[in-house]
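Heads up, the thing below is written out as structure tokens.
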There are 2 protein chains.
Amino acid sequence: MTQKAPEPKKRANLRDVAKAAGVSVATVSRVLNEPGVVKKDTLEKVQTAIARLKFVPSAAARAINSGRTRFVGALVPTLDNAIFARFLAALERTLSQHDLSLVVATTDSDLEIEAEKAKSLVDIGAEGLIITGAAHSAALHDLIERTMLPTIITSFYDTENPLPTIGYDNAGAAQLALQHLIDLGHQRISVVHGPTHDNDRTRARLSGLRALPMASELTTFETDFSHQGGADAARQICALPQKPDAILCLSDVVALGVLFGLQAEGVSVPGDVSLVGIDDLPSSAVAVPPITTVHLPVTQMGERSAVALADWIAEQKKPGPERLEARLVERQSAIRRNTG
Amino acid sequence: MTQKAPEPKKRANLRDVAKAAGVSVATVSRVLNEPGVVKKDTLEKVQTAIARLKFVPSAAARAINSGRTRFVGALVPTLDNAIFARFLAALERTLSQHDLSLVVATTDSDLEIEAEKAKSLVDIGAEGLIITGAAHSAALHDLIERTMLPTIITSFYDTENPLPTIGYDNAGAAQLALQHLIDLGHQRISVVHGPTHDNDRTRARLSGLRALPMASELTTFETDFSHQGGADAARQICALPQKPDAILCLSDVVALGVLFGLQAEGVSVPGDVSLVGIDDLPSSAVAVPPITTVHLPVTQMGERSAVALADWIAEQKKPGPERLEARLVERQSAIRRNTG
DNA sequence: CTCGCTAATGTAACTAGTTACAGAGGTTGC
DNA sequence: GCAACCTCTGTAACTAGTTACATTAGCGAG
């Protein structure tokens with residue numbers, strides 16, 4: 001008549017299984033890790049016990065022995081921009097081929113938050129780190145140095161950095177875009193970009209622009225890193241006494257926003273004004289008109305970073321920097337303008 | 001003349017620190033966890049030793065005692081859609097307030113991959129799971145049952161599900177959009193949606209549509225879950241002998257693609273055809289024309305899921321389902337059509 | 001001067017696995 | 001018939017922390 005006693009809530013561990021199966025802990029461990037060496041009926045006994053007790057091995061206990069947690073962390077400014085989403089997708093896919101999971105943390109482009117999040121990634125046991133850009137807080141540099149955590153810098157290429165950088169030349173990418181507009185005969189060019197605070201990629205792109213002779217003719221607009229931000233900037237530009245004949249956006253999200261903003265103001269692209277972006281998001285190819293942009297190889301960057309980090313972790317050997325090529329993708333949003 | 005001996009590569013552990021500082025392991029542990037109870041100069045001795053040896057406590061060893069790993073996993077179809085990115089951003093932000101990190105894994109809308117990824121999340125020690133939709137493979141259900149892992153279903157509301165669902169009524173959201181078009185006097189309506197395979201949210205939206213009297217008049221187009229997919233569908237629709245007077249897209253990504261596709265074909269929205277989406281992505285508000293859509297409260301969904309999961313983990317008490325309201329956001333892409 | 005109390009620290013047993021080594025039992029070789 | 005060897009399993013010591021309990025030191029009161 002007595003009901004089965006309510007099983008103790010506690011999760012079964014390896015010793016419980018061993019007892020239930022009438023074998024030693026070593027045997028259970030073997031069933032888990034090298035079932036080949038265990039005699040068939042012992043194997044079955046143990047597996048039955050595992051199933052009956054709903055035994056699930058503890059990740060922590062396993063990690064304490066192997067010294068491995070099997071995951072790495074990535075710090076990105078935001079998920080709310082397809083460029084990072086695409087990068088992370090490739091990163092995650094490739095890491096997973098190396099039997100590593102990915103923990104994502106967002107920094108909101110704030111170096112203090114970045115350092116905090118990095119700390120908590122280390123606290124939960126990340127075996128490596130992927131960070132965005134080369135500028136970071138002292139706290140983060142200190143953390144990386146103290147823990148000697150394999151860490152790769154992405155979205156940035158710099159041979160001088162003590163940490164390996166895997167990315168593209170931001171200054172060069174911006175120059176590619178500007179040079180294209182210059183080649184098309186544009187003279188009055190407005191530049192629209194996202195916040196420069198705590199963002200060395202944007203700063204690098206701007207400084208690339210300044211290195212070109214055209215630089216003095218440039219008017220720049222800083223706005224939000226969003227479609228809305230781009231649309232707002234477009235409205236500002238339309239209110240100018242003398243409209244530019246081309247707009248260069250330092251990211252495609254902003255470029256699409258600018259395109260919408262111009263359309264809303266009745267300004268035709270590329271008829272009235274040419275538009276060029278940077279990133280090459282999928283939406284840029286589909287927009288009307290399709291947006292001319294500089295393709296950044298973020299998928300490749302995700303793949304290369306994953307491989308480099310996985311190797312670094314596996315072989316304790318720091319990889320070198322890798323430069324990935326940005327290239328201009330000509331579409332229909334920028335056309336030749338006759339000078340004079 | 002002898003150089004300092006190359007320090008042993010091995011990471012210092014708590015016992016090494018104790019030895020170096022001339023105290024016991026318990027004291028070092030106290031310095032780490034309750035520095036208040038340690039005498040000041042002991043504290044300093046230990047902290048010096050920690051700094052000198054670059055000691056970083058092992059997450060695994062800590063986890064083995066506390067039974068806590070401080071992170072949960074989320075399984076989403078893709079990062080490459082702003083709707084999930086926004087959800088995850090809110091989820092991550094809120095989890096982080098509860099001292100939990102987030103491990104993201106993408107499933108590519110494949111239930112087999114989903115189950116594999118879930119397995120590896122459990123293997124690395126996730127304390128809880130966030131999954132998308134209610135349809136899952138037997139392997140995943142089995143895993144959740146065996147591990148008794150706190151697991152929350154999102155993007156879906158269903159009081160019957162044994163797991164707590166935190167989400168919206170997909171059928172109702174689709175009906176909201178369709179009813180709006182009906183109310184505006186539209187009669188020939190095309191529906192464009194992403195793949196239904198392994199995607200119960202899209203299936204639920206379609207079945208919601210079928211429950212409305214208008215259903216028999218609907219033509220549906222299945223396409224890729226992307227801007228490009230939407231543009232392709234638009235081209236198909238334009239090639240129809242009789243064009244619809246409204247297009248209903250079951251997601252905003254596709255809706256924007258359709259808008260681009262129609263523009264490219266010279267079809268005016270809303271002049272020639274009305275357009276309605278579902279999701280309410282930021283781009284929909286900025287597009288020209290701004291797209292009428294059904295707002296899905298994904299940010300709130302991320303926050304609520306995080307809180308519910310954190311509580312579940314902390315108090316071992318399964319939360320109930322939560323229904324979040326979808327609501328129509330009228331913008332300019334759908335206008336009244338005179339009947340007859 | 002010793003008792004009693006508190007504050008600070010130490011000892012050793014835990015957590016849940018892995019693994020080196022030992023040992024039992026059976027088979028084969030000479 | 002016994003050594004040698006192989007297969008399989010068990011014992012116990014590891015991993016790196018936390019923590020219950022024991023111990024010591026220091027100080028004031030009686």
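Heavy-atom basis, side chains included; hydrogens, waters and symmetry copies ignored. Small disclaimer: the values here were computed from a predicted structure and weren't measured. Letters A, B, ... are given to chains in the order of the sequence lines, protein chains preceding strands, and every chain is numbered from 1.
Following rounding to the nearest Å, A/Asn65 (CG) and C/dT15 (P) show an atom-to-atom distance of 15 Å. D/dT11 atom C1' lies 14 Å from atom CG of A/Leu14, rounded to whole Å. Rounded to whole Å, the distance from CG on A/Asp123 to P on D/dG17 is 12 Å.
Under the 6.0 Å cut-off for aromatic ring centres, A/Phe71 and B/Phe71 qualify, their centroids lying closer than that.
Set against D/dA16, D/dT9, C/dT18, the side chain of B/Arg15 has D/dA16 as its closest nucleotide.
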(message) If you apply the rule side chain to side chain contact (heavy atoms under 4.5 Å, CB included), what do you find for A/Leu88 with A/Leu79, and how did you get there?
(response) CA-CA 9 Å; A/Leu88 289 175; A/Leu79 290 173; 3.4 Å; yes
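Between B/Asn13 and D/dA16 there is a side-chain N or O to OP1 or OP2 distance below 4.0 Å.
Counting heavy atoms of neighbouring residues, nucleotides and ligands inside a 6.0 Å radius, atom NE2 of B/His197 does not exceed 12 of them. Other residues, nucleotides and ligands contribute more than 12 heavy atoms inside 6.0 Å of the CG atom of A/Asp158.
Put simply, the residue from A/Val72, A/Leu121, A/Val122 that forms a side chain to side chain contact (heavy atoms under 4.5 Å, CB included) with A/Leu149 is A/Val122.
Listed by residue number, B/Thr42 are the residues of residues 40-51 of chain B with a heavy-atom contact under 4.0 Å to DNA chain C. Within a heavy-atom distance below 4.0 Å of DNA chain C, the residues of residues 19-34 of chain B found are B/Gly22, B/Val23, B/Ser24, B/Val25, B/Ala26, B/Thr27, B/Arg30.
Comparing B/Ile64 and A/Lys39 by the nucleotide of DNA chain D whose heavy atom lies nearest to each, the residue mapping closer to the 5' end is A/Lys39.
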Check: residues 30-47 of chain B side-chain donor-acceptor pairs under 3.5 Å, at least two apart:
unit_1: B/Asn33; atom_1: ND2; unit_2: B/Ser29; atom_2: O; d: 3.1
unit_1: B/Asn33; atom_1: ND2; unit_2: B/Ser29; atom_2: OG; d: 3.4

Return a table of donor-acceptor pairs under 3.5 angstrom between the side chains of residues 123-131 of chain B and protein atoms on other chains or two or more places apart.
unit_1: B/Asp123; atom_1: OD1; unit_2: B/Lys119; atom_2: NZ; d: 3.3
unit_1: B/Asp123; atom_1: OD2; unit_2: B/Lys119; atom_2: NZ; d: 3.2
unit_1: B/Glu127; atom_1: OE1; unit_2: B/Arg68; atom_2: NE; d: 3.1
unit_1: B/Glu127; atom_1: OE1; unit_2: B/Arg68; atom_2: NH2; d: 3.3
unit_1: B/Glu127; atom_1: OE2; unit_2: B/Arg68; atom_2: NE; d: 3.4
unit_1: B/Glu127; atom_1: OE2; unit_2: B/Arg68; atom_2: NH2; d: 3.3
unit_1: B/Glu127; atom_1: OE2; unit_2: B/Thr69; atom_2: N; d: 3.1
unit_1: B/Glu127; atom_1: OE2; unit_2: B/Arg70; atom_2: N; d: 2.6

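A salt bridge is absent between A/Lys117 and A/Glu112; no separation between the charged side-chain nitrogens and carboxylate oxygens falls under 4.0 Å.
Of the possible donor and acceptor atoms, one in the side chain of A/Ser305 sits under 3.5 Å from a partner among the backbone N and O of A/Met301.
With the end axes of the helix from C/dC1-D/dG30 to C/dC30-D/dG1 each set by five pairs, the angle from one to the other reads 60° at 10° resolution.
With sequence neighbours excluded, the residues that form a side-chain contact (heavy atoms from CB on, under 4.5 Å) with A/Val307 are A/Thr94, A/His98, A/Arg304, A/Asp311.
Considering only heavy atoms from C-beta on, A/Leu111 stays 4.5 Å or farther from A/Glu116 through its side chain.
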